[in-house]
> 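Following this message is one structure expressed as structure tokens.
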Amino acid sequence: MTGPKTDETPSVLPPVPFDPELEAHLAAMGEQPALTRESIPAVRAAVRAGALTDEALDHGGELVWEERTVTGPPGNPDLALLICRPAAAGAHERLPVLYHVHGGGMVAGGRRHLLSDVLTWTRRLRTVTVSVEYRLAPEHPHPAPLEDCYAGLVWTRRHAAELGADPGRIIAVGASAGGGLVAGLALLARDRGGPALAGQILLSPMLDDRNDTPSARQMEGLGLWDRASNATGWDAYLGGTAGSPDVSPYAAPARAQDLAGLPPAYLDVGSAETFRDETVAYAGRLWRCGGECELHVWPGGFHGFDEFAPETGLSRRAKRARLRWLSALLASGAQAPGRRVTAPASSAGAPG
């Protein structure tokens, strides 16, 4: 027999347990303080210290790479792009593009940050990687980072031929803050009638400035990016307006209701992290709008588990699933479709 039904909801939800292998990694890392405005400079320095070296970009001679300075958004500074491609690529090949937007909570990171897996895909699947260095908050709040990403995408599309790339097969990929920016970029490209994407890969994406989902509350104080850190990141990105009713869906894609006409999407997230529920909800909205989407929720995964503990069983499973999806998308010959124009050029507007 079951007990009587009740409408009461516990005020504090019990946390989802971490995968045992991952929990051991967290314990070895020690306590990780939440991000604050005051700690941003130290976080940036730590991220810069972990950026990929020239030798790592070479991948033992398998890749060639260059860094370019290209035109930024109108009236704004130029952009730095990192461009990598297989060393053995033929002069007349037109390879698909992985357009990479780095993570870092909107406040840290650069074009060489969180790039290892993307370069593995470039080697194994024969793609061109273009990694954009966007301006960071709080010095440059929305829409500056997103406009930088859009300008880099426009440049990549226009210069595809000289990169040995196929302009119809550009797939945007980002993790964490980069995932949120990729989701906003897909909306912006759709609504401006800009460079259409053939796919989008959103890994533990930072989508919802309201920061009030059940997963955000139940995992508070746990893992590597909790509700307190998330509040700092969103506050920096939105200039103190996070949670207000007029936040643009281009800034916080979880607020977008019309997700029709977007490219095929791959979303994944850990079950034991802040972004679980907003990621699942976004996938559901993509399906409700008739979109193509594959969603994975990795049991016991904390935020960034595959980056910080890449040799664990769960991380290997996640990496294999991403590679399978991307391989299948490229094998299908998917091309970016045409896009409707439904919004003005400014990213301050709201889609649909």
Side-chain angles (χ1 to χ4, degrees), residues 32-51 72-73 76-77 79-80 100-114 132-152 174-185 187-188 202-213 215-217 219-221 223-256 273-275 278-279 303-304 307 346-348 350:
Q32 301 294 313
L35 177 72
T36 64
R37 282 289 185 116
E38 294 71 27
S39 67
I40 288 174
V43 170
R44 287 177 176 173
V47 169
R48 282 195 298 271
N76 286 282
L79 297 173
H100 175 253
V101 181
H102 68 80
M106 303 293 185
V107 302
R111 60 192 179 277
R112 296 187 180 208
H113 182 46
L114 298 175
V132 60
E133 183 137 342
Y134 55 85
R135 287 170 288 173
L136 300 174
E139 296 89 346
H140 304 284
H142 178 78
L146 182 60
E147 291 290 356
D148 286 350
C149 294
Y150 185 80
S176 193
L181 285 165
V182 165
L185 181 64
L187 289 166
L188 196 60
L202 314 180
L203 308 177
S204 297
M206 185 176 174
L207 299 168
D208 196 340
D209 65 293
R210 291 163 293 195
N211 199 25
D212 199 34
T213 62
S215 59
R217 290 190 170 277
M219 303 309 296
E220 192 164 4
L224 299 183
W225 184 263
D226 77 338
R227 192 167 178 244
S229 295
N230 203 36
T232 299
W234 278 114
D235 181 71
Y237 185 49
L238 295 178
T241 65
S244 64
D246 57 349
V247 170
S248 166
Y250 298 119
R255 290 178 176 259
E273 70 154 292
T274 301
F275 294 149
E278 62 199 70
T279 302
H303 187 67
E307 179 73 17
S346 171
S347 65

> Distance check, rounded to the nearest 0.5 Å: Thr213 atom OG1 versus Phe275 atom CZ?
9.0 Å
> How close do Ala251 and Leu238 get, heavy atom to heavy atom, and via which atoms?
CB-CD2, 3.7 Å
> Filter on salt bridge (Lys or Arg N to Asp or Glu O under 4.0 Å), then keep only pairs touching residues 223-232, sequence neighbours left out; what's left?
Asp212-Arg227, Glu220-Arg227
> Might you point out which heavy atoms bring Pro73 and Ala151 nearest each other, and give the distance in Å?
N-CB, 3.7 Å
> Considering the options Leu146, Val247, Leu136, which one meets the side chain to side chain contact (heavy atoms under 4.5 Å, CB included) requirement together with Tyr237?
Leu146
> Can you check whether Trp225 reaches Gln32 side chain to side chain, under 4.5 Å on heavy atoms?
no
> Ignoring hydrogens, what is the shortest heavy-atom contact between Gly104 and Ala177? Give both atom names and the distance.
N-CB, 4.1 Å
> Applying side chain to side chain contact (heavy atoms under 4.5 Å, CB included) between Cys149 and each of Val182, Leu188, Val101, report the one that passes.
Val101
> Write down the atom of Pro141, the atom of Ala236, and the distance for their closest heavy-atom approach.
CB-O, 3.8 Å
> Please confirm whether the backbone N or O of Ala42 pairs with a side-chain atom of Ser39, one donor and one acceptor, at under 3.5 Å?
no
> Please list, chain by chain and in numerical order, all residues satisfying ring pair (Phe, Tyr, Trp, His ring centres under 6.0 Å) with Tyr150, sequence neighbours excluded.
none
> So how far is it from Met106 CE to Asn230 CG, rounded to the nearest 0.5 Å?
9.5 Å
> Can you see which heavy atom on Asp209 is nearest to which on Gly243, and at what distance?
OD2-N, 2.6 Å
> Can you find a side-chain donor-acceptor pair between Thr274 and His303 that sits under 3.5 Å?
no
> Keeping the roles fixed (side chain from Ser176, backbone from Gly103), state whether a donor-acceptor pair exists under 3.5 Å.
no
> Hey, does the side chain of Trp234 reach the backbone of Asp208 with a donor-acceptor pair shorter than 3.5 angstrom?
yes
> side-chain contact (heavy atoms from CB on, under 4.5 Å) between His140 and Asp148: does it pass, once the steps are laid out?
CA-CA 11 Å; His140 304 284; Asp148 286 350; over 6 Å; no
> How long is the span from the CG atom in Asp246 to the OG1 atom in Thr241, to the nearest 0.5 Å?
6.5 Å
> Is a side-chain donor or acceptor of Glu133 paired with a backbone partner of Arg111 at a separation under 3.5 angstrom?
yes
> If you round to the nearest 0.5 Å, how far is CD of Glu147 from CG of Leu185?
10.0 Å
> Pro145 and Arg135: which non-hydrogen atoms are nearest, and at how many Å?
CG-O, 3.3 Å
> Once rounded to the nearest 0.5 Å, what's the spacing between atom OG of Ser204 and atom CD of Glu307?
11.5 Å
> Give, for atom NE2 of His113 and atom CZ of Arg44, the distance between the pair rounded to the nearest 0.5 Å.
12.0 Å
